[in-house]
Amino acid sequence: MKNRILSFSIALAITLLPFLSNPVFCQSHHSAKATSTTNVNMALGNPSNATTSTVNANNYLMQKPQYCLSYNNKNHIPNWVSWHVQTSDIGPVDRKNDFRPDDLLPANWYHVSSTDYIRSGFDRGHQCPSADRTSYEENNSATFLMTNMIPQAPNNNRITWMHLESYCRSLVFQGNELYIICGVYGQGGIGSAKPDIVRTLQSGVTVPAQTWKIIVVLPSGENDLSRITTQTRVIAVLMPNTQDCSKHPWQNYRVSVDSIEHLSGFNFLSNIPENIQKVIESKVDNTPVNKQI
DNA sequence: CTGTCGTTC
DNA sequence: GAACGACAG
């Protein structure tokens, strides 16, 4: 009996240790300024008022140490995924490639599997990128849950979108931390299998028409949203989920946050004071980007 | 030319 | 596990 309790305690400690030492998770506890939420990954707000009620199946909130999302059970893809990235999130861990269903979805819902995208002409496109979560194995592994994936046209995913992801990481290495949120809009994309518009994969997963992303750039520092001012750089893009997306670099797809709000009906950056939101959401980023990334 | 990143099969 | 494409350096 004694041994059992002892071995259970050890098992518990082993289970909890990586979790408790995970900087992403720990930081979520002292993001004092994040008002309605304690998770650093959605510190700037919950753009669709997603909830953890299973009744709210098409706007179902999932909070993970690595990222947060609103899941759409009708479309079988997330409405949006939100995360925070800083230098400590990027480490030595190899890409795990363990694409798999997300067991944390309610048991009676359809669980998208890794094979649902097979031969569809669309990539299993990460929302929170693998390369933004390489500090610990479990953090990288978490990005391969299918609730973090959308059917993404290969040229969108591997070229234009990836260049923006790389550019974001270069901003982190230059001494910034980023609050990122991205998601989908509409239905019907053009993948690599045929030149026609595809509305759903054979497995029933919705193919979005557009992908969008919003990046708030802050110099690395204490996790305090009061540092966000009218001068804070915000990059927002909206691009087609098609193969010819890559005809232009991501810079050409820059828009205002306002325009994505009008399109989607979401309310972004809602934890920032209104007067500041007003200014930074109406601008279109025009910072020159030297390299072709 | 090698390394990185995101993929497919 | 092998191979691919698009870069960056």
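Every chain is numbered from 1 and lettered A, B, ... according to where its sequence line falls, protein lines coming before strand lines.
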Check your understanding: When you check the phosphate oxygens OP1 and OP2 of B/dT7, does a side-chain N or O of A/His126 lie under 4.0 Å from one of them?
Key -> yes
Point to revise | A/Ile159 CD1 - B/dG6 P separation (whole Å) | key: 14 Å
Point to revise | A/Asp98 CG - B/dT7 C1' separation (whole Å) | key: 15 Å
Review point. Given atom OH of A/Tyr117 and atom P of B/dT8, what is their separation to the nearest angstrom?
Key: 10 Å
Check your understanding: Rounded to the nearest Å, what distance is computed from the CG atom of residue A/Asn148 to the P atom of nucleotide B/dG6?
Key -> 11 Å
Check your understanding: Any side-chain N or O of A/Asn157 less than 4.0 Å from the OP1 or OP2 oxygen of B/dT7?
Key -> yes
Practice item. Check the distance between C/dA3's P and A/Asn97's CG and give it to me in whole angstrom. Key: 17 Å
Study note, to complete from the structure: Separation between OH (A/Tyr185) and CD1 (A/Ile260), nearest 0.5 Å, reads 12.0 Å
Check your understanding: Which of the following nucleotides, B/dG6, C/dC7, B/dT8, is nearest to the side chain of A/His163?
Key -> C/dC7
Study note, to complete from the structure: Of the candidates B/dC9, B/dG6, B/dT7, the side chain of A/Pro129 sits closest to B/dG6
**Study point:** Interatomic distance, A/Ile150 CD1 vs B/dG6 P [rounded to whole Å]
**Key:** 14 Å
Point to revise | Geometric cation-pi criterion A/Arg124 and A/Phe99, 6.0 Å radius, 45° cone | key: yes
Practice item. Measure the distance from CD on A/Glu165 to P on B/dT4 and round it to the nearest whole Å. Key: 17 Å
Practice item. Measure from the side-chain heavy atoms of A/Asp123 and tell me the nearest of B/dC9, B/dT8, B/dG6. Key: B/dT8
Review point. Can you check the A/Phe173 CZ to B/dT4 C1' distance for me, whole Å?
Key: 11 Å
Study note, to complete from the structure: Ranking B/dT8, B/dG6, C/dC7 by distance to the side chain of A/Arg124, first place goes to B/dT8
Point to revise | Over 12 foreign heavy atoms within 6.0 Å of CD1, A/Ile197 | key: no
Check your understanding: Any sub-3.5 Å donor-acceptor pair from A/Trp212's side-chain atoms to A/Val184's backbone N or O?
Key -> yes
**Study point:** Option among A/Ile90, A/Val93, A/Val85 that satisfies the side-chain contact (heavy atoms from CB on, under 4.5 Å) test with A/Arg133
**Key:** A/Val85
Check your understanding: Is any side-chain N or O of A/Arg95 closer than 4.0 Å to OP1 or OP2 of B/dG6?
Key -> yes
Practice item. Under 4.0 Å between any heavy atoms, over every strand shown, what does A/Pro154 touch: base, sugar-phosphate, or nothing? Just pick one. Key: nothing
Check your understanding: Is A/Phe144 touching bases, backbone alone, or none of the nucleic acid, heavy atoms closer than 4.0 Å?
Key -> nothing
